[in-house]
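Written below as structure tokens is the structure these notes are about.
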Amino acid sequence: MIQRPRGTADRLPAVAATWRLVTDTFQRQCELRGFAPISTPTIERSELFTRTTGDATDLAQKEMYSFEDRGGDSLTLRSEGTAPVVRAYVQNGLHNLPQPVKLYYVTSIFRYDRPQAGRYREHHQIGAEALGDSSPAVDAEVIDLLWSTYRSLGIDDVTLELNSLGDPDTRPAYRRALVDYFTPLAERLDFDSRERLTSNPLRILDSKNPAVADLCADAPRSLDFLGESARAHFDALQVLLESLEIPFAINHRLVRGLDYYNRTVFEFVPPDAGSQSTVGGGGRYDYLAELIGANHVPGVGFGSGIERVLLNLERCGLTARASRTIDAYVAPLAEAAVADAMRLARHLRQAGVAVECGFRAASPRSHLRRASRSQARVALLLGTREIERGVVALKPLNGAAQVEVRRADAVTQIQAVLAGDS
RNA sequence: GUGGGCGUAGCUCAAACGGUUAGAGCGUCUGGUUGUGGCCCAGAAGGCUGGGGGUUCAAGUCCCCUCGCUCACCCCA
């Protein structure tokens with residue numbers, strides 16, 4: 001049997017209601033703030049991701065789904081959500097719209113990684129980006145959007161962690177300070193962290209290795225290296241978050257897995273999250289557009305894994321139940337009635353009634369069993385008797401008495417019954 | 001990429017020491033006298049015991065390999 005690729009999932013009807021709850025809630029929160037939907041291709045030129053993500057990141061080094069197409073171009077399945085949106089903004093001249101341009105998306109993300117709880121090779125993210133405005137209020141709005149989405153869903157125990165990484169002009173000094181701090185301690189670092197000492201020292205801070213974490217406690221803090229304007233930006237953001245009553249905690253060790261971030265970075269983490277500690281995160285990326293060869297475009301945004309949101313909904317006991325969609329079930333009792341049954345179903349549907357139609361002639365018992373399980377409120381029986389007399393038997397499934405209605409007024413009669421017992 | 005646990009019907013699970021024809025519940029389908037649902041009852045369908053190799057008179061059971069699932073490391077959403 002051919003099976004689905006590793007790390008992918010079939011999303012069955014049973015989880016559709018909860019899935020839709022998440023995306024609908026997010027969409028609603030976006031619309032409440034004037035964020036407009038955007039979608040970008042599943043594949044992009046590989047350079048879009050390699051140039052923005054950062055050479056020293058795991059994502060760039062071993063997690064991208066890249067391939068050469070028949071024309072010899074290197075393409076990559078979307079490995080993160082932000083760079084494609086920035087690319088689309090630049091390529092489509094969205095800087096001609098009033099700034100900032102506020103965009104949101106619901107999309108799939110592909111990363112080659114070993115699957116485990118809450119981690120997939122194809123996962124899905126809700127995300128938003130605000131491009132073209134560098135003021136801290138935009139950071140606050142974006143954070144508020146994600147926070148409000150979680151709150152509306154009923155997830156009220158995730159905590160917001162916040163940090164600022166400063167700007168490119170102060171990054172080298174901070175980086176040097178980290179190297180100066182960790183180099184004498186190199187023997188106490190694990191292998192990965194020692195590697196990062198030269199490749200990407202900031203990421204040492206992210207290590208979950210307890211020994212390394214201990215050393216990080218006294219490591220230089222990025223907040224102490226902020227330039228004047230980055231400092232003001234971060235202070236302003238905190239005031240805004242406090243005024244919005246969004247609780248947050250400064251995490252000096254919070255860096256992010258992608259190198260394009262500057263200034264604000266944030267993550268939402270659930271309590272006692274085992275290995276998958278982040279349900280959503282993002283930050284500011286004012287220099288990303290330049291990395292892909294465009295003019296300067298400040299931006300801030302986030303991504304949040306839908307599968308991880310689902311895990312948190314489940315943890316909080318908040319999964320949605322599918323609602324009934326079928327109003328009526330049409331049951332052909334004889335082979336000769338099948339065509340009539342389908343015609344009746346069509347008339348009802350044209351009138352806005354949701355109808356499930358039995359496809360083959362069967363006993364009333366068999367059809368009524370199906371009708372019950374379809375959760376329809378009425379069953380419409382069509383047999384040779386009914387066809388001869390130009391009527392249809394209308395049986396409410398709530399125990400009320402069965403009646404016969406003429407075919408000519410079947411639709412209005414059925415609508416009346418449906419309206420009556422709802 | 002590294003390590004642990006686990007693979008029996010669509011699902012949840014049985015099958016003592018290796019020993020006849022691998023079972024049950026749920027679900028599905030059909031029926032329970034003439035054309036009437038849910039509950040109940042009966043019957044049926046549904047398995048190369050993940051795959052391959054080995055040991056043995058005999059393997060779902062023991063050994064090896066492999067694939068898959070899962071959890072953790074790592075990384076991230």
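Side chains are part of it too, since the values below use all heavy atoms of this structure and drop only hydrogens, waters and symmetry mates. Naming convention: chains lettered A, B, ... in sequence-line order (proteins, then strands); numbering from 1 in each chain. Small disclaimer: the values here were computed from a predicted structure and weren't measured.
The residue A:I109 sits apart from the nucleic acid: no heavy atom pair falls under 4.0 Å.
Rounded to an integer number of Å, the gap from NE2 of A:H367 to P of B:G37 is 14 Å. Rounded to whole Å, atom C1' of B:A77 lies 12 Å from atom CZ of A:F266. As a whole-Å value, the separation of A:Y329 OH from B:G38 P is 14 Å.
Between A:R284 and A:D139, at least one side-chain nitrogen of the basic residue sits less than 4.0 Å from a carboxylate oxygen of the acidic one, meeting the salt-bridge criterion.
For B:G50 and B:C67, the C1' atoms lie 7 Å apart once the distance is rounded to whole Å. Straight-line distance between the C1' atoms of B:A44 and B:C6: roughly 33 Å, to the nearest whole Å. Spacing of P atoms, B:G4 relative to B:A9, comes out at 26 Å, to the nearest Å. Nucleotides B:U28 and B:C69 have their P atoms positioned 28 Å apart, rounded to a whole Å. Here the separation of B:G1 from B:C29, taken at their C1' atoms, is 48 Å to the nearest Å.
Taking A:Q27 as the reference, A:D24, A:E31, A:Y104 meet the side-chain contact (heavy atoms from CB on, under 4.5 Å) condition, with sequence neighbours excluded.
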Within the sub-3.5 Å range, which N or O atoms of nucleotides 1-8 of chain B have a protein N or O partner, and how far apart are they?
| from | atom 1 | to | atom 2 | distance (Å) |
| --- | --- | --- | --- | --- |
| B:U2 | O4 | A:R114 | NH1 | 2.5 |
| B:G3 | O6 | A:R114 | NH2 | 3.2 |

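Between A:T8 and A:E267, the residue anchored nearer the 5' end of RNA chain B, judged by the nucleotide with its closest heavy atom, is A:T8.
Residue pairs satisfying the ring pair (Phe, Tyr, Trp, His ring centres under 6.0 Å) criterion with at least one member in residues 344-382 of chain A, sequence neighbours excluded, are listed as follows: A:Y329-A:H367.
Of the candidates B:C74, B:A72, B:G35, B:A72 carries the atom nearest the A:A117 side chain, counting heavy atoms from C-beta on.
At least one side-chain nitrogen or oxygen of A:R370 sits closer than 4.0 Å to the OP1 or OP2 atom of B:C29.
The closest donor-acceptor contact from the side chain of A:N251 to the backbone of A:R253 lies under 3.5 Å.
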